[in-house]
**Student:** 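Sharing a structure with you now.
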Amino acid sequence: MNQISANILDTLDLEINSLYSTALKVVSSSPVKDAFFQNTNEPAELNKDLNNLANIVLTINGPKPNFYKLNLYRNDGYTFAYGNQYFAEFGDLKQLLSEDWVKATLQQEGKKYISPPHIDARDPQATPIISISMSFAEVYGMKSNNIVEIEQKYSVFENIIQKAVISPLKDARPTKSVYVLDRQGKVVFPYGGDDQTTRMIEGFRDLVVQAPGKMGEINLVNPQDHQKSIGVYAQSEFSGWLVLLLEPEASLTKPVRTFNEQIILLGFISLMITLIMTYFVSRSLSRPIKHINKSLKNLELDSLNLKKAVALNSQFDELEELNQTFIEMRDRLKESLEEAVSARSHEIQSRFLALQSQMNPHFLYNSLSVITIMCEENRNEDAIRFCKGLSNILRYTSSTSFKSVSLREEIKHTTDYISLMQERYGSMLEFHLNIPEVMMDLRIPKLIIQPLVENCIKHGIHVEPPWIIRITGKLLSENWMITVSDNGSGMEPEVIQGLNKRFRETDSLKEMPEINLNGMGLVNIYTRLKIFNEDKLIFDLKNNKAGGTSVTVGGLRKYTEE
């Protein structure tokens, strides 16, 4: 019951918050204010402003708004209504200011006011509604004497509550009753109930409204039939609504009593059967289990080659199968020892693939943020291009089909990454690539160049732009060499010394180092270069004299995959 009441309250709050968000969007929109506060007596201008205002509201909320009707009230009596249709008129300002909900809204001074269920006097269909209203000023700092009102059909809230308490059994009669009250104790649900329901609510309203805490349990006696009910209540901090869920005590405890009786009887029968079976089974299990236990204790390396199988002669097939499984396990144990060395080799290869398959989550977060901004700014072509670039990067990084890639593929992946970063930083980020074409077919470890560029962007943008990243390549007699540099503030000497120490520690390890899941670190790149090139790798980290940092990597010239 606590969960049902909390779910009802959360769903109601979501609906109210949706209406409140719409009100905030409208009053914070400068185009809405410009069109709404136009003062003119020309019919043509009035009609033009009306159409303009309707189009702006349509743009904000879309063709299928999440509300029933939107009303804007100006402090001179001018009213704009938007729903299935839209219109504007100069109403009776004095009559409007005398309405209770208007007074309550203005007293809130810009905060939201939630009206209880009512019927809008201007609605010819007399549809019951619940509305959220708030006052706002024409210009910030002025008096908030204009009102925006967002109306929603009462049936929307009614459906939320009714669906929450519907029984999954079609023929089951509903036993739970739901009541929703606002901060002032006014009834939100049910709306327009009969006299009996109204008297019942009045009988417990004060008790519930004055209950301590925002959530709790409460015992009530129906003033009509004097039937005791158990209830739970939950009050929203956001809307101030209080949801009370009641169920008659007899209805609530009946299945519990029935279940208790059944479980006690079943438990007694099960206990007797278990005791009888345990007595007989234990007599048949003792001897075979002791035999298997003795065999396990006597298991040594010298006895692994024994082929003779000793039958248990047990009446339980399971124990015979267990004995046979033990014999087969003994035979396979020797083979497993021989496979351990091979497994160690596979572990090194798996670690290699794991090292090259890491992805910095912050890059994904930032990329999704850039796509969001592009979509909000209607830059559809840019968003499509950005998504294609991101898709290429993800496809490249997630692929584990090859141990090495061509330098051309790695440079293509790097330029895709740079393109995405230039979408984010614009002209502040410059990129220069100078690699001879003859180097493009070289085989190198996957994800070696791009992480160095990512490191440049991460640590090299703390100076005045433009931020310049250069990639240069060079072929030696037996080796290749690529340098990635930036014009940032450089690295502290202590940091470079610490990294060089990590590199030396990696050289002395007999096992693969543990993988750090926080992006492609320099130790990561160093380790994979060492595995790929053994001791013939090139790795140099230093600060440039003109500013910034450069990292040079390289290895043996290989043109085919190993």
**Student:** Would you find a donor on one side and an acceptor on the other, under 3.5 Å apart, between the side chain of R74 and the backbone of F80?
**Tutor:**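 Between the backbone of F80 and the side chain of R74 there is no qualifying donor-acceptor contact (under 3.5 Å).
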
**Student:** How close do I147 and S133 get, counting heavy atoms only, and between which atoms?
**Tutor:**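 Smallest heavy-atom distance, with atoms named: CG2-CB, 4.2 Å.
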
**Student:** Measuring from atom CG of N146 to atom NZ of K33, what distance do you get when rounded to the nearest 0.5 angstrom?
**Tutor:**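 Going from CG on N146 over to NZ on K33, the span is 9.0 Å.
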
**Student:** Measure across T549 and G490 and return the closest heavy-atom pair with its distance rounded to 0.1 Å.
**Tutor:**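 Looking at all heavy atoms of both residues, the closest pair is OG1-CA, 3.3 Å.
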
**Student:** Quick check: closest heavy atoms across I150 and A23, and the distance to 0.1 Å?
**Tutor:**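 Looks like CG1-CB, 3.8 Å.
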
**Student:** Treating N159 as the side-chain partner and S155 as the backbone partner, does any N or O pair qualify as donor plus acceptor under 3.5 Å?
**Tutor:**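 Such a contact is found between N159 side chain and S155 backbone.
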
**Student:** Say you draw a straight line from OG of S239 to CG of L19; how long is it, rounded to the nearest 0.5 Å?
**Tutor:**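 Between S239 OG and L19 CG, I get 11.5 Å after rounding to 0.5 Å.
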
**Student:** For the atom pair CZ (F37) and CG (L72), what is the distance rounded to the nearest 0.5 Å?
**Tutor:**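 The distance works out to 8.5 Å.
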
**Student:** What distance do R502 atom CZ and T527 atom OG1 have between them, rounded to the nearest 0.5 Å?
**Tutor:**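 These two atoms lie 8.5 Å from each other.
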
**Student:** Are side-chain heavy atoms of L245 and N2 found at a separation under 4.5 Å?
**Tutor:**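 Not touching, per the 4.5 Å side-chain cut-off.
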
**Student:** Can you give each donor-acceptor pair under 3.5 Å made by side-chain atoms of residues 49-56, sequence neighbours left out, with the distance rounded to 0.1 Å?
**Tutor:**
from: N51; atom 1: OD1; to: Y86; atom 2: OH; distance (Å): 2.9
from: N51; atom 1: ND2; to: N47; atom 2: O; distance (Å): 3.3
from: N55; atom 1: ND2; to: N51; atom 2: O; distance (Å): 3.1

**Student:** Can a donor-acceptor pair be found, under 3.5 Å and without considering hydrogens, that links the side chain of T372 to the backbone of L368?
**Tutor:**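 At least one qualifying donor-acceptor pair exists.
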
**Student:** So, applying side-chain contact (heavy atoms from CB on, under 4.5 Å) with H413, which one of N392, I418, L447 is it?
**Tutor:**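 It is L447, the one option of N392, I418, L447 that forms the side-chain contact (heavy atoms from CB on, under 4.5 Å) with H413.
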
**Student:** Quick one: do I230 and L246 satisfy side chain to side chain contact (heavy atoms under 4.5 Å, CB included)? Show the steps, please.
**Tutor:** CA-CA 6 Å; I230 297 176; L246 293 177; over 6 Å; no

**Student:** Rounded to the nearest 0.5 Å, what separation is found between the CD atom of E376 and the CD1 atom of I371?
**Tutor:**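 The distance works out to 12.5 Å.
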
**Student:** Is a side-chain donor or acceptor of S29 paired with a backbone partner of V26 at a separation under 3.5 angstrom?
**Tutor:**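 No, S29 side chain to V26 backbone: no donor-acceptor pair under 3.5 Å.
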
**Student:** Does the side chain of Q262 reach to within under 4.5 Å of the side chain of L266, using non-hydrogen atoms?
**Tutor:**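 No, too far: nothing below the 4.5 Å cut-off.
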
**Student:** Would you say that P451 contacts I525 through its side chain, given a criterion of any heavy-atom pair below 4.5 Å between the two side chains?
**Tutor:**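 They are in contact (side-chain heavy atoms under 4.5 Å apart), so the answer is yes.
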
**Student:** Side-chain contact, heavy-atom cut-off 4.5 Å: E423 with M374?
**Tutor:**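 Yes; the side chains approach each other to less than 4.5 Å.
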
**Student:** Taking the side chain as everything from C-beta on, heavy atoms only, tell me whether F268 gets closer than 4.5 Å to I264.
**Tutor:**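 Of all side-chain heavy-atom pairs linking I264 with F268, none is under 4.5 Å.
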
**Student:** Just verifying a value: how many Å separate S115 OG and I132 CD1, rounded to the nearest 0.5 Å?
**Tutor:**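 Going from OG on S115 over to CD1 on I132, the span is 9.0 Å.
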
**Student:** Please list all pairs meeting salt bridge (Lys or Arg N to Asp or Glu O under 4.0 Å) that have one or both residues in residues 54-63, counting only residues at least two apart or in different chains.
**Tutor:**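 Applying salt bridge (Lys or Arg N to Asp or Glu O under 4.0 Å) to every pair that reaches into residues 54-63, excluding sequence neighbours, yields nothing.
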
**Student:** Going by heavy atoms in the side chains, are V495 and L499 under 4.5 Å from each other?
**Tutor:**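 Yes, at least one pair of side-chain atoms sits under 4.5 Å.
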
**Student:** Under a plain distance cut-off of 3.5 Å, with no hydrogens placed, do Q450 and E454 share a side-chain donor-acceptor pair?
**Tutor:**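 Per modelled atom types, E454 and Q450 side chains form a pair under 3.5 Å.
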
**Student:** When you measure from the side chain of N61 to the backbone of V57, do you find a donor-acceptor pair of N or O atoms at a distance under 3.5 Å?
**Tutor:**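 Looks like yes, one N/O pair under 3.5 Å.
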
**Student:** Which heavy atom of C375 sits nearest a heavy atom of A383, and at what distance?
**Tutor:**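 Nearest heavy atoms, C375 then A383: SG-CB, 4.3 Å.
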
**Student:** Would you say that N455 contacts V484 through its side chain, given a criterion of any heavy-atom pair below 4.5 Å between the two side chains?
**Tutor:**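 Counting from C-beta outward, N455 and V484 never come under 4.5 Å.
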
**Student:** Tell me the closest heavy-atom pair linking A81 and N71, and the distance in Å.
**Tutor:**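 So the two residues come closest at CB-OD1, 3.4 Å.
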
**Student:** Please enumerate all residues that pass ring pair (Phe, Tyr, Trp, His ring centres under 6.0 Å) together with F36, with sequence neighbours excluded.
**Tutor:**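 For F36 the ring pair (Phe, Tyr, Trp, His ring centres under 6.0 Å) partners, ignoring immediate neighbours, are Y78.
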
**Student:** Run F87 and E89 through side chain to side chain contact (heavy atoms under 4.5 Å, CB included) and show every step you take.
**Tutor:** CA-CA 7 Å; F87 64 91; E89 64 181 4; 4.0 Å; yes

**Student:** May I ask you to decide if V102's main-chain N or O and E149's side chain share a donor-acceptor pair within less than 3.5 Å?
**Tutor:**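 Looks like no, no N/O pair under 3.5 Å.
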
**Student:** Hey, could you give me each pair passing ring pair (Phe, Tyr, Trp, His ring centres under 6.0 Å) that has a residue in residues 123-164? Not counting sequence neighbours.
**Tutor:**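 Pairs touching residues 123-164 that pass the test: Y154-Y191, F157-W241.
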
**Student:** Taking K176 for its side chain and M1 for its backbone only, find out whether a donor-acceptor pair lies under 3.5 Å.
**Tutor:**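 No; zero donor-acceptor contacts below 3.5 Å.
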
**Student:** Crowded around E377 CD? As in, over 12 foreign heavy atoms under 6.0 Å?
**Tutor:**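 Buried by this count: over 12 neighbours within 6.0 Å.
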
**Student:** Going by ring pair (Phe, Tyr, Trp, His ring centres under 6.0 Å), name the pairs with one or both residues in residues 43-62, residues two or more places apart or in two chains.
**Tutor:**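 For residues 43-62, and leaving out neighbouring residues, there are no ring pair (Phe, Tyr, Trp, His ring centres under 6.0 Å) pairs at all.
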
**Student:** Hey, could you give me each pair passing ring pair (Phe, Tyr, Trp, His ring centres under 6.0 Å) that has a residue in residues 98-129? Not counting sequence neighbours.
**Tutor:**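 Of all non-adjacent pairs touching residues 98-129, those that pass ring pair (Phe, Tyr, Trp, His ring centres under 6.0 Å) are Y73-W101.
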
**Student:** Does the T105 side chain pair with the main chain of M134, one donor and one acceptor, at a distance under 3.5 Å?
**Tutor:**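 No; judged by distance alone, with no hydrogens or angles, the pair does not exist.
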
**Student:** For N7, does its backbone N or O pair with a side-chain atom of T11 as donor and acceptor, under 3.5 Å?
**Tutor:**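 It does hold such a pair.
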
**Student:** What are the two closest heavy atoms between C456 and D486, and how far apart are they?
**Tutor:**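 Of all heavy-atom pairs spanning C456 and D486, the closest is SG-OD2, 3.4 Å.
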
**Student:** Any side-chain heavy atom of W467 within less than 4.5 Å of one from N487?
**Tutor:**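 Counting from C-beta outward, W467 and N487 do come under 4.5 Å.
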
**Student:** Would K143 and N75 count as a side chain to side chain contact (heavy atoms under 4.5 Å, CB included) here? Give the steps.
**Tutor:** CA-CA 10 Å; K143 184 178 180 181; N75 54 17; over 6 Å; no

**Student:** Give a yes or no on whether D92 atom CG has more than 12 heavy-atom contacts from other residues, nucleotides or ligands under 6.0 Å away.
**Tutor:**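 Yes, enclosed.
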
**Student:** For side chain to side chain contact (heavy atoms under 4.5 Å, CB included), just list the numbers for T22 and N66, CA-CA rounded to whole Å, side-chain angles, deciding distance to a tenth of an Å, and then say yes or no.
**Tutor:** CA-CA 8 Å; T22 301; N66 61 337; 3.2 Å; yes

